[in-house]
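These notes are about the structure you will find just below.
Numbered from 1 within each chain, the chains take letters A, B, ... in sequence-line order.
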Amino acid sequence: MSMGDVEIEFRRFVAARSASLQRTAFLLVGDWAHAEDVLQTALTKTYLAWRRLGEIEAVEAYARRVLVTTATSWWRRRWHGERPTDVMPEQAAPDRFEERLERQVLWRHVHALPARQRAVLVLRFYEDLTEAETARILGVTVGTVKSQSARALASLRTKLVEAGVEPAFRQQFGATSIPEGGA
Amino acid sequence: MGLLEDALRDTFSNRVGAPPAVDDLAGQAIRRAGAIRRRQVTVASVAVVVTVVLVGVGMLSGSPLAIQFGAGLAGPTPSPTATTPPPNPLVGVKLPVDVLNGDRIQVADGRVISLAGLGTAQKALRVSPGWLVQTSNNLPEKSAVWLVDEKGFASQLASGEITMVSHGTQYLPSPQVAWTAAGRLNVANFVGRGLSGTTSTTGADKLVPLLAVAGGLLLGGTQTGGRTDLWDMWYPDKGAYTSTPTSGAVSAVVGETADGKQLFILDSGKPPCLGLADPPPQFTMVRSTCGALVSPDDRIYASPTGRWLLVVSQSSYTVYDANTIWTYPQAVASGPVDSDPAVTGTWLNDTTFVVYGHNKLTQGSPNTTSRSPTEVPDANATGAKAIIEDVR
């Protein structure tokens with residue numbers, strides 16, 4: 001495969017998959033500017049590795065893995081405290097004020113989690129990956145994914161109760177309570 | 001799924017919305033990749049002028065094509081030409097042989113080639129276009145053999161349940177790659193930049209390829225789930241595999257002769273005695289001695305002409321004269337190796353050997369005192385560590 005062919009295939013891949021990767025990057029790092037940086041880094045590494053990756057499935061898996069690794073390592077280097085919620089992104093649909101408020105609180109607490117725990121939540125509950133798929137991308141065992149997920153959820157439950165948003169969640173999602181403690 | 005998990009799904013999907021448009025993402029990535037490649041060439045050229053030696057072109061973890069000087073892609077907004085990269089302690093260390101050091105190859109001339117992204121490297125061979133690297137990804141079916149060229153480009157040659165790279169011998173002049181996939185055992189020669197003349201057979205699904213010897217493949221299996229205790233041969237040139245496994249008489253195969261025709265084996269005695277034997281199923285013992293101390297975990301490396309035998313164990317090496325070992329098994333050289341469960345060795349020529357264990361390379365010769373060991377940098381690299389045999 002010539003360099004020209006590689007470039008054409010890479011451009012096709014970016015056109016097809018960059019929006020999805022960009023969204024994941026945003027959830028991992030918390031704002032669009034940094035998400036773009038992380039995505040650029042992941043795409044550059046993917047392009048450099050293109051020839052040995054072969055099929056498009058391998059390319060996407062590689063890109064996603066690099067993206068998560070870059071995002072979590074970037075966060076470790078740069079983030080030193082709780083990040084205030086910034087400008088709300090464009091919304092997919094009109095939203096009730098109180099629902100938006102609850103999401104905002106939850107979002108803030110998600111981003112106060114350790115990078116690996118946040119990555120597990122994003123991969124499991126945004127990407128809808130299985131525990132095994134999540135483990136593969138993060139390069140950890142399934143057991144680690146389970147324990148990180150349980151810790152993250154327990155921490156969020158505690159924070160939400162402390163923040164007094166439990167009633168709103170109960171109303172919004174029609175449940176009787178948010179259980180405290182472990183998953 | 002619980003309430004909080006549902007809330008997370010809802011929150012995530014509402015937060016992302018429509019991502020802002022970014023101008024020419026692909027073009028930016030391509031340009032940055034080009035800058036990294038140019039820097040790789042520039043830094044390497046400058047280093048050659050300054051030091052008058054070939055110095056290392058390294059690879060960034062996660063990218064086999066990126067250079068390992070400086071921050072590179074480590075930050076979210078790298079500026080390839082804005083900073084002077086700090087010196088890399090891995091690069092420029094001259095070694096007597098290429099070594100596999102976790103997820104990188106440390107080349108004898110000082111270069112460092114990253115294997116990141118290929119899986120867990122287990123074994124490597126030096127071939128003319130670069131290196132053949134055997135990797136696994138925890139799942140056996142994800143085992144693979146790659147050709148990694150001098151610039152770090154990797155292309156996958158084969159994958160399967162088990163993949164094995166075997167070195168060339170007088171009998172098998174080109175390196176051999178054997179693997180099992182979909183119930184078939186396959187073997188091919190590495191020629192040029194790829195595999196050639198693949199031959200397949202069925203019926204060997206409980207055995208794995210261990211070694212190319214005597215014009216065929218030594219196969220091994222286990223009846224107990226532990227150490228290999230079942231042996232057989234498959235000769236691809238003679239057609240399909242015919243099952244004639246043998247067990248009992250041999251407790252371990254610890255090496256092969258320089259001409260690749262016979263095996264060094266340990267018999268099943270307690271303690272086991274060393275033997276020179278024909279391949280299975282007969283395992284006909286040609287010579288034997290109970291005076292040379294060799295255990296089932298040891299490995300014997302014959303010198304290129306077969307004159308000397310280097311025995312490496314987890315904590316020592318011993319050299320024997322192949323002409324006298326069977327009658328007068330007296331060591332002609334020996335020394336300690338810092339304890340390591342996976343010590344490897346090789347011969348650089350017929351009078352110089354190298355042993356690699358515990359991140360130290362010990363070079364020596366028969367009948368002489370070994371030199372002080374050479375330290376291989378980055379003792380914390382995880383993964384297999386082994387001498388890379390040169391089969392060019």
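For A/Tyr126 and A/Trp107, the ring centers are positioned 6.0 Å apart or more.
Of the atoms belonging to A/Val122, heavy atoms from both backbone and side chain fall under 4.5 Å from chain B. For B/Gln28, the parts lying under 4.5 angstrom from a heavy atom of chain A are both the backbone and the side chain.
Contact annotation: the side chain of B/Leu132 approaches that of B/Leu157 to within less than 4.5 Å [non-hydrogen atoms, C-beta and beyond].
With hydrogens and angles disregarded, a donor-acceptor distance shorter than 3.5 Å links the side chain of A/Arg116 to the backbone of A/Leu138.
Here the closest non-hydrogen pair linking A/Leu129 and A/Glu133 is CA-OE1, 3.4 Å.
The most heavy-atom pairs under 4.5 Å with chain B, out of A/Thr24, A/Leu43, A/Thr46, come from A/Leu43.
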